[in-house]
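All remarks here apply to the structure that follows.
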Amino acid sequence: MKRLFFLVIIVIFLVYIAPIGFQYYQKGAEKEEKIHSVQNVENILDSQASDGESAEKTNNTAEKEENKQDTTETIAVSVNGTVKEMTLEQYAAGTVAAEIPASFPEEALKAQAVAARTFAMYKKSLGTDEKHPDAVVCDDYTHCAAFVDLDTQAKDLWGNKAKEWREKVEDAANATAGEIITYNGSPIVAVFHSASAQETESAVSVWGSDIPYLVAVESTGDDACPEYDASVTLGAEEFRQIMLAKYPDINLTGLPKTWFTDIESSEAGGVTACKIGGEQLKGTEVRELFKLNSTHFTISTTDTSITFHTQGYGHGVGMSQYGAKSMAENGSSYEEILLHYYTGTKVEKLGEK
């Protein structure tokens with residue numbers, strides 16, 4: 001009787017209880033495996049699991065806070081004519097947002113953040129600026145650098161990508177917090193442009209100032225810029241009127257092909273000077289007069305028109321943004337990008353000796 005009782009118990013266990021326990025074990029094992037795989041995915045964007053995302057966000061937050069503590073530098077910025085006090089990292093992020101596409105690789109954005117921060121520190125070292133005496137820098141890109149107030153303008157700038165790209169540019173600023181480019185221990189004139197024509201221009205070729213770290217260097221990938229190849233065509237009479245308004249004594253008789261002589265070029269190929277109707281002009285003056293994308297231009301004429309063909313976009317001095325993009329895509333760090341475009345410089349923290 002006892003033996004029969006134990007047999008019944010064993011059968012019940014095998015038929016009912018054991019399968020339930022096995023299923024419970026399987027579910028637990030699957031859950032543990034899923035959590036394990038989520039915590040080790042290479043790209044956190046591939047996973048929507050809260051455990052994995054929370055771990056990543058915690059690490060990122062700690063890293064950002066640590067970087068933010070690297071500098072307490074603040075500066076006054078003239079934004080739309082109103083002076084605002086902000087941290088150097090807020091300024092760097094706002095300038096990155098305004099000056100370079102947020103879709104660019106992270107290392108290119110970091111390079112831009114360091115360049116923006118450096119330029120601000122350079123301006124600060126010069127003392128009071130007559131255009132904005134109460135501010136170190138302004139948001140006028142023709143005078144200092146463009147700037148976007150991310151608290152109020154991110155949505156207008158980026159639309160539905162505002163949250164994602166704001167975080168991206170702020171990460172670039174915070175990841176490089178307090179870092180500037182120096183030459184002989186001082187912040188440099190960290191100028192930059194959109195795209196060069198295979199080689200950057202030296203400062204002496206464009207502005208007549210011989211600056212040792214702003215010399216011509218090779219630049220690749222610039223032709224990815226949508227404005228890399230461009231042209232401006234003017235009728236002969238329109239051209240004549242523009243020139244006469246600026247140079248009343250200019251001689252623009254005869255056919256247009258006779259108007260252009262003595263064209264001089266820089267090492268990088270940009271036009272440094274030329275004569276138009278016997279009048280000597282700098283390449284930068286020609287660019288400004290006819291709103292050309294760069295000084296890297298050639299001229300073609302017909303009997304009734306003049307066409308300027310340009311390559312590159314911007315003044316061509318310092319860091320090329322599309323060149324930085326190309327370098328980043330090919331594995332270069334932001335430090336390598338900066339040291340390439342600013343010859344003989346160092347990247348160091350503010351206050352380091």
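Everything numeric in this text was worked out from a predicted model, so none of it was measured.
- A 4.5 Å side-chain heavy-atom check between Met327 and His340 finds at least one atom pair inside the cut-off.
- Using modelled atom types, no side-chain atom of Asp129 and backbone atom of Val137 make a donor-acceptor pair closer than 3.5 Å.
- Closest approach of Ala120 to Tyr91, counting heavy atoms only: CB-CE2, 3.7 Å.
- Ile306 CD1 to Arg240 CZ: the interatomic distance, rounded to the nearest 0.5 Å, is 8.0 Å.
- The main-chain N or O of Leu234 is never found under 3.5 Å from a side-chain atom of Glu238 such that the two would form a donor-acceptor pair.
- Of all heavy-atom pairs spanning Ser202 and Val317, the tightest one is O-CG2, 4.1 Å.
- Taking Ser265 as the reference, nothing meets the side-chain contact (heavy atoms from CB on, under 4.5 Å) condition, with sequence neighbours excluded.
- The backbone N or O of Gly270 lies less than 3.5 Å from a partner atom in the side chain of Ser266, making a donor-acceptor pair.
- For the atom pair CD (Glu267) and OG (Ser205), the distance works out to 7.5 Å, reported to the nearest 0.5 Å.
- Contact of the Thr295 side chain with the Thr310 side chain is not registered, since no non-hydrogen atoms from C-beta on lie closer than 4.5 Å.
- Using modelled atom types, one side-chain atom of Gln90 and one backbone atom of Thr87 make a donor-acceptor pair closer than 3.5 Å.
- The minimum heavy-atom distance linking Ala328 with Ala108 is given by the pair CB-N, 3.9 Å.
- With rounding to the nearest 0.5 angstrom, the CD atom of Glu99 is 10.0 Å from the CZ atom of Phe119.
- In this structure, CD1 on Ile276 lies 8.0 Å from CG on Leu252, to the nearest 0.5 angstrom.
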Might you work through the salt bridge (Lys or Arg N to Asp or Glu O under 4.0 Å) test for Asp171 and Arg166, ending with a clear yes or no? CA-CA 8 Å; Asp171 283 350; Arg166 175 176 180 170; over 6 Å; no

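- Take Tyr122 and apply the ring-ring contact (aromatic ring centres under 6.0 Å, His included) test, not counting sequence neighbours, and it matches no residue.
- Between the Arg287 side chain and the Leu292 main chain, a donor and an acceptor come within less than 3.5 Å of each other.
- In this structure, the side chains of Val204 and Ile211 stay at 4.5 Å or more apart for every pair of heavy atoms.
- Applying the side-chain hydrogen bond (donor to acceptor under 3.5 Å, both in side chains) definition to pairs two or more places apart or across chains, those involving residues 100-114 are Glu107-Lys110, Gln112-Gln321.
- When atom types are taken as modelled, the side chain of Thr118 and the backbone of Ile181 share a donor-acceptor pair closer than 3.5 angstrom.
- The shortest heavy-atom contact between His309 and Ser231 is ND1-CB, 4.0 Å.
- Aromatic ring centres of Tyr213 and Tyr342 lie farther apart than the 6.0 Å criterion allows.
- When atom types are taken as modelled, the side chain of His143 and the backbone of His132 share no donor-acceptor pair closer than 3.5 angstrom.
- The residues Glu164 and Lys168 are annotated as not salt-bridged, no charged nitrogen and carboxylate oxygen being separated by less than 4.0 angstrom.
- The heavy-atom pair separating Thr233 from Ser305 by the smallest distance is CG2-CB, 4.3 Å.
- Side chains of Thr307 and Ile299 form no contact here, defined as non-hydrogen atoms less than 4.5 Å apart.
- Nearest heavy-atom pair across His193 and Gly314 is CB-CA, 4.2 Å.
- Distance check: Asp303 CG to Thr301 OG1 gives 7.5 Å after rounding to the nearest 0.5 Å.
- Looking only at side-chain heavy atoms (C-beta outward), Val271 and Val286 stay at 4.5 Å or farther from each other.
- Side-chain atoms of Lys123 never come within 3.5 Å of backbone atoms of Cys144 as a donor-acceptor pair (strictly under, hydrogens ignored).
- Glu167 contributes atom CD, which lies 8.0 Å from atom CD of Glu170 (distance to the nearest 0.5 angstrom).
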Enumerate, atom names and distances included, each donor-acceptor pair closer than 3.5 Å involving a side-chain atom of residues 257-264, sequence neighbours excluded.
from: Thr258; atom 1: OG1; to: Leu255; atom 2: O; distance (Å): 2.7
from: Trp259; atom 1: NE1; to: Thr253; atom 2: O; distance (Å): 2.9
from: Trp259; atom 1: NE1; to: Leu255; atom 2: O; distance (Å): 3.4

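- Chaining together hydrophobic side chains whose heavy atoms lie under 4.5 Å apart places Val96 alongside Ile100, Phe104, Leu109, Val148, Leu150, Leu157, Trp158, Trp165, Val169, Tyr322.
- A donor-acceptor contact shorter than 3.5 Å links the side chain of Ser294 to the backbone of His296.
- A 4.5 Å side-chain heavy-atom check between Arg117 and Glu179 finds at least one atom pair inside the cut-off.
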Walk me through it: do Phe290 and Phe308 pass the test ring pair (Phe, Tyr, Trp, His ring centres under 6.0 Å)? CA-CA 9 Å; Phe290 300 105; Phe308 294 94; 5.3 Å; yes

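- For the pair Lys349 (side chain) and Ala177 (backbone), a donor-acceptor distance under 3.5 Å is present.
- At least one side-chain heavy atom of Val77 sits under 4.5 Å from a side-chain heavy atom of Met86.
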Report the C-alpha separation of Lys246 and Glu279 in whole Å, then their side-chain angles, then the decisive distance to 0.1 Å, and conclude whether the salt bridge (Lys or Arg N to Asp or Glu O under 4.0 Å) test is met. CA-CA 11 Å; Lys246 185 78 181 284; Glu279 191 76 38; over 6 Å; no

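- Remark: Asp134 pairs with no residue by the salt bridge (Lys or Arg N to Asp or Glu O under 4.0 Å) rule, at least two apart or across chains.
- Between Ile75 and Met121, some side-chain heavy-atom pair lies under the 4.5 Å cut-off.
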Derivation and outcome, salt bridge (Lys or Arg N to Asp or Glu O under 4.0 Å), residues Lys131 and Asp140: CA-CA 10 Å; Lys131 186 169 182 178; Asp140 179 359; 2.7 Å; yes

Begin with the C-alpha distance, continue with both residues' side-chain angles, and end with the deciding distance and a verdict on side-chain hydrogen bond (donor to acceptor under 3.5 Å, both in side chains) for Ser194 and Tyr228. CA-CA 9 Å; Ser194 186; Tyr228 182 80; over 6 Å; no

